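For clarity, every value in this text was computed on a predicted model and none was experimentally measured. Only heavy atoms go into these numbers, but all of them, side chains included; no hydrogens, no water, no symmetry mates.
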Amino acid sequence: MEIKILVVEDDTHILNSVAAFLEAEGYAVDTCGDGDEALEKIYERPYHLAILDIMLPGADGITILKELRKLGKTPVLMLSALSDDENQIRSFDQEADDYVTKPFKMQLLLKRVEALLRRSGVISKEIHFCGLTLLPEEYKVAYGDKEIPLTLKEFEILNYLAQNKNHTLTHDMLISRVYGYDFDGEANTLQVHIKNLRAKLPEGIIKTIRGVGYRLEDLA
């Protein structure tokens, strides 16, 4: 399933950076730097999650949040340089789901996004695939009724592949997601973890797409 996220931010650098980071994680991202444009977008198509700056040209983030609440229960993360209690209280009074202040780390933003998507049921708390059962919140995986012992990094790789099953994830997407946006470790680290995973999983589940990346593929 393609997960659609709307990012509304008038700082072009932040807007482009957040969009690029989320897209690298496999999300479909719409962006706009104007509140009035954002109001048009939320009535044009549904989103699984919205990230809204508070101070915007045109309609502000609180106004957009109010309109989203008229439309339904889309998870909303407020993103703002305003760290005072008053603006946070205003946001939560209008049923914002989370609030992140600038500056922030991309990995923190990603974790907040994932938490909101899990809470809303967009990301499953349990993933079933090829006889495997993944429990992301418990970092456990089983094949049939037998638990498979994995290291943390092995689990994170498998979990990310499973969330995007039957879709190819590039080397860069996996490295960014599992090792961090600014990873500068050994070039073959991912390949080593993939090799170890394959030794523990049913044969043939993880496919190599030569020169691109990997895909978790249904054996049926």
Distance check, rounded to the nearest 0.5 Å: [X] atom [atom1] versus [Y] atom [atom2]?
X: E25; Y: N164; atom1: CD; atom2: CG; answer: 9.5 Å
X: I206; Y: L158; atom1: CD1; atom2: CG; answer: 6.0 Å
X: L110; Y: Y27; atom1: CG; atom2: OH; answer: 5.5 Å
X: T31; Y: N16; atom1: OG1; atom2: CG; answer: 7.0 Å

Would [X] end up clustered with [Y] when hydrophobic side chains under 4.5 Å apart are linked, directly or stepwise?
X: Y160; Y: L152; value: yes
X: F104; Y: L15; value: yes
X: L49; Y: V122; value: yes
X: M173; Y: L197; value: yes

Minimum-distance pair of heavy atoms, taken over all atoms of [X] and [Y]:
X: Y143; Y: C130; result: CE1-O, 3.3 Å
X: V76; Y: L52; result: CG1-CD1, 3.7 Å
X: P149; Y: E154; result: O-OE1, 4.5 Å
X: P136; Y: F155; result: CA-CZ, 3.8 Å

- Message: Check this for me, if you would: do K73 and E95 make a salt bridge, where the nitrogen-to-carboxylate-oxygen distance has to be below 4.0 angstrom?
- Response: yes

- Item | SB check R69 D97 (cutoff 4.0 Å) | yes

- Verify the neighbour count for atom NZ of K195: are there more than 12 heavy atoms of other residues, nucleotides or ligands below 6.0 Å? no

- Compute whether any side-chain donor of one residue and acceptor of the other, for E156 and Y139, lie under 3.5 angstrom apart. no

- Query: Should T74 and H48 be marked as a side-chain contact (heavy atoms from CB on, under 4.5 Å) after you check the CA-CA gap, both sets of side-chain angles, and the distance that decides it?
  - Reply: CA-CA 6 Å; T74 301; H48 295 101; over 6 Å; no

- Going by the side-chain hydrogen bond (donor to acceptor under 3.5 Å, both in side chains) test, name the single residue among K41, R45, K4 that passes it with D30. R45

- Item | Residues that H128 engages under ring pair (Phe, Tyr, Trp, His ring centres under 6.0 Å), provided they are two or more places apart | none

- Message: Suppose we screen for ring pair (Phe, Tyr, Trp, His ring centres under 6.0 Å). Which residues come up paired with Y214, at least two apart in sequence or across chains?
- Response: H171

- Task: Can you run down the ring-ring contact (aromatic ring centres under 6.0 Å, His included) pairs that involve residues 189-208, sequence neighbours left out, and say none if there aren't any?
- Result: Y179-H193

- Query: What residues form a salt bridge (charged side-chain N to carboxylate O under 4.0 Å, His left out) with R210, not counting sequence neighbours?
  - Reply: none

- Task: For R215, enumerate each residue passing the salt bridge (charged side-chain N to carboxylate O under 4.0 Å, His left out) test, keeping only those at least two apart in sequence or located in another chain.
- Result: E217

- Task: Under the side-chain contact (heavy atoms from CB on, under 4.5 Å) rule, what do L216 and L169 come out as? Steps first, then yes or no, please.
- Result: CA-CA 9 Å; L216 196 65; L169 298 179; over 6 Å; no

Side chains of residues 53-64: which donor-acceptor partners sit under 3.5 Å, not counting sequence neighbours?
residue, atom, partner, partner atom, Å
D53, OD2, K102, NZ, 3.4
D60, OD1, I62, N, 3.3
D60, OD1, T63, N, 2.8
D60, OD1, T63, OG1, 2.8

- Task: Decide yes or no on side-chain contact (heavy atoms from CB on, under 4.5 Å) for I205 and L161, but give the supporting numbers first.
- Result: CA-CA 10 Å; I205 285 183; L161 287 167; over 6 Å; no

- Let me see the working for L79 and E9 under side-chain contact (heavy atoms from CB on, under 4.5 Å), right down to the final yes or no. CA-CA 8 Å; L79 187 66; E9 166 64 60; 4.1 Å; yes

